**Q** 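Quick one: structure below, then a few questions.
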Amino acid sequence: MLNFTVKQLAADLAAKRASSVEVTQYFLKRINAMGKALNAFISVDEEQSLAAARAADRLIAAGKAGPLTGIPLAHKDIFCARGWLTTCGSKILSNFVAPYDAHVIERFNAAGAVIAGKTNMDEFAMGSSNETSFYGPVRNPWDTAAVPGGSSGGSAAAVAARLAPAATGTDTGGSIRQPAALTGVCGLKPTYGVVSRYGMIAFASSLDQAGPFAKTAEDLALMLNAMAGFDARDSTSLERAPEDYTCDLAKPLKGLRIGLPSEFFADGVAADVAKAVEQAIAELRKLGCDTVEVRLPNMQLSVPVYYVLAPAEASSNLSRFDGVRYGYRAPEYADLLDMFRKTRAQGFGAEVKRRILIGTYVLSHGYYDAYYIKAQRLRRLIAQDFVEAFGKCDVILGPTSPTTAFRIGEKAGDPVQMYLSDIYTIAVNLAGLPGMSIPCGFGDRNHPVGLQLIGNYFAEAQMLNVAHQYQQATGWHLRMPPGTG
Ligand code: GLN
């Protein structure tokens, strides 16, 4: 079972070679052993998981199983799940048990999937290394001295270490793709608006998007089939006809035009990453793809633009955490204002405070035009670059992250260095485009390298097709961290 895909596990369940209770117990055992060493989970609740597994077994017995029925999934602790502690990696929510399900959780419940546990994450999804979590850093299964990436580091590590066959995450500036790259798994961020944000704790609402982690492109498609779809409770949820994201997987790639942005292959990328990515491109050429150079001239602005807009939205979104309605409250205070101050001072970590300060500053009278409005204008230019690039190609390819996994502590004291680890992913969020990362080899120190695919709006099925065909021809996605088995 260890290295089984979701698809293979579902086949075993359907053929009664295993029950959901057995599969769930198998992964819970791994979560309790290796999951603890990696610090990948914030909560596990065997009783709730096994109750869901028993319900799934009844569905299977009744012949009512779908492709995810009975499959245990690990969910980032940013999704509200009824009856589950939902902390968002923060002290300020360390006692919050969600009274309702996020849209994403609702969808997986309706599909008969099992919640295997809630995964560790950077506090309020702010980070690229999983070091800002109130619950401590997550370790990379390939090298426990290294970070797994962030902010969905726990979910990525869980799939990489085979603690769950698939997981969920969220991606505001790279938080699905970058940890997927650093841990050698697949991760997909859909087009903005394809997956409802209802019940997903907000960081930067115009950028946040939920998506799946898995070992294969095919499993990502199965996960996305469950997650995607209109939801009236999220005003930015898009009303579109339902799509089957597996429909194009088998298409031959002959004649597909791959765009290679020169900006992605310039100075900033580490030699070992560039080498693996170039080999992947050569492999895709062998499969019949044509390559064309494209330009994203405003891409260099994406990190500074993001670090105006995302903190601005965060400062507003996080104002609701005040110790009144839910979550942590400072034990001692003089009056109401003092209670707000102490609660927020004690409840938030340093990175979250930094973002709130930046966000409040750029939104303040006198700076709003100079920073916030300016950044919005540049965001438009960055999106326009992609419109032009997609005039010449079908899918854009490049590295997901400029380096492989770095050491825990290595960048923790230097926020700008940390922010730069998302240099290739952030523009995709600013433009609202879909993007994904798939393993494409190993760099120095045997650390995984991720290949980033960027699609045009709603081209998830096409990206998944490219990834699936690549995975039919190569075996990187099946490699397991040493000591996993
Ligand atoms: N690393 C980026 C940040 O810290 C992106 C995080 C994310 O995508 N949630 O904001």
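Numbering of ligands and ligand atoms starts at 1, following listing order. This is a predicted model, so every value here is computed, not measured.
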**Q** My understanding is that only residues two or more places apart in sequence, or in another chain, count here; which of them pass side-chain contact (heavy atoms from CB on, under 4.5 Å) with A405?
**A** N140, A146, L182, H447

**Q** Please could you name the atoms of ligand 1 that Y306 approaches to less than 4.0 Å, counting only its heavy atoms?
**A** 2 (C), 3 (C), 5 (C), 6 (C), 10 (O)

**Q** For A180 versus S437, what's the shortest heavy-atom pair and its separation?
**A** CB-CB, 4.3 Å

**Q** Select one of side chain, backbone, both or neither to describe which atoms of S175 lie under 4.0 Å from any atom of ligand 1, heavy atoms only.
**A** both

**Q** Could you tell me if any non-hydrogen atom of G174 lies under 4.0 Å from any atom of ligand 1?
**A** yes

**Q** Can you check whether Y198 and Y100 have ring centres sitting under 6.0 Å from each other?
**A** yes

**Q** With heavy atoms under 4.0 Å as the rule, classify the contact between F203 and ligand 1 as side chain, backbone, both or neither.
**A** side chain

**Q** Check whether any side-chain N or O of T400 sits under 3.5 Å from a backbone N or O of Q178 as a donor-acceptor pair, and report yes or no.
**A** no

**Q** Do F124 and F321 have ring centres separated by under 6.0 Å?
**A** yes

**Q** Considering only heavy atoms, does T172 approach ligand 1 within less than 4.0 Å through its side chain, its backbone, both, or neither?
**A** both

**Q** Sub-3.5 Å donor-acceptor pair from the side chain of E313 to the main-chain atoms of S205, do we have one?
**A** yes

**Q** So if I count the atoms of ligand 1 from 1 in the order they appear, which ones are less than 4.0 Å from some heavy atom of Y307?
**A** 2 (C), 3 (C), 4 (O), 10 (O)

**Q** For S151, take its heavy atoms, then give the atoms of ligand 1 lying under 4.0 Å from any of them.
**A** 9 (N)

**Q** Using a 4.0 Å heavy-atom threshold (strictly under), name the region of R355 that reaches ligand 1: side chain, backbone, both or neither.
**A** side chain

**Q** Is it true that K275 and E278 have a side-chain N and a carboxylate O under 4.0 angstrom from each other?
**A** no

**Q** Within ligand 1, which atoms have a heavy atom of M126 less than 4.0 Å away?
**A** 4 (O)

**Q** Distance under 4.0 Å to a non-hydrogen atom of D422: what atoms of ligand 1 satisfy this?
**A** 1 (N), 2 (C), 5 (C)

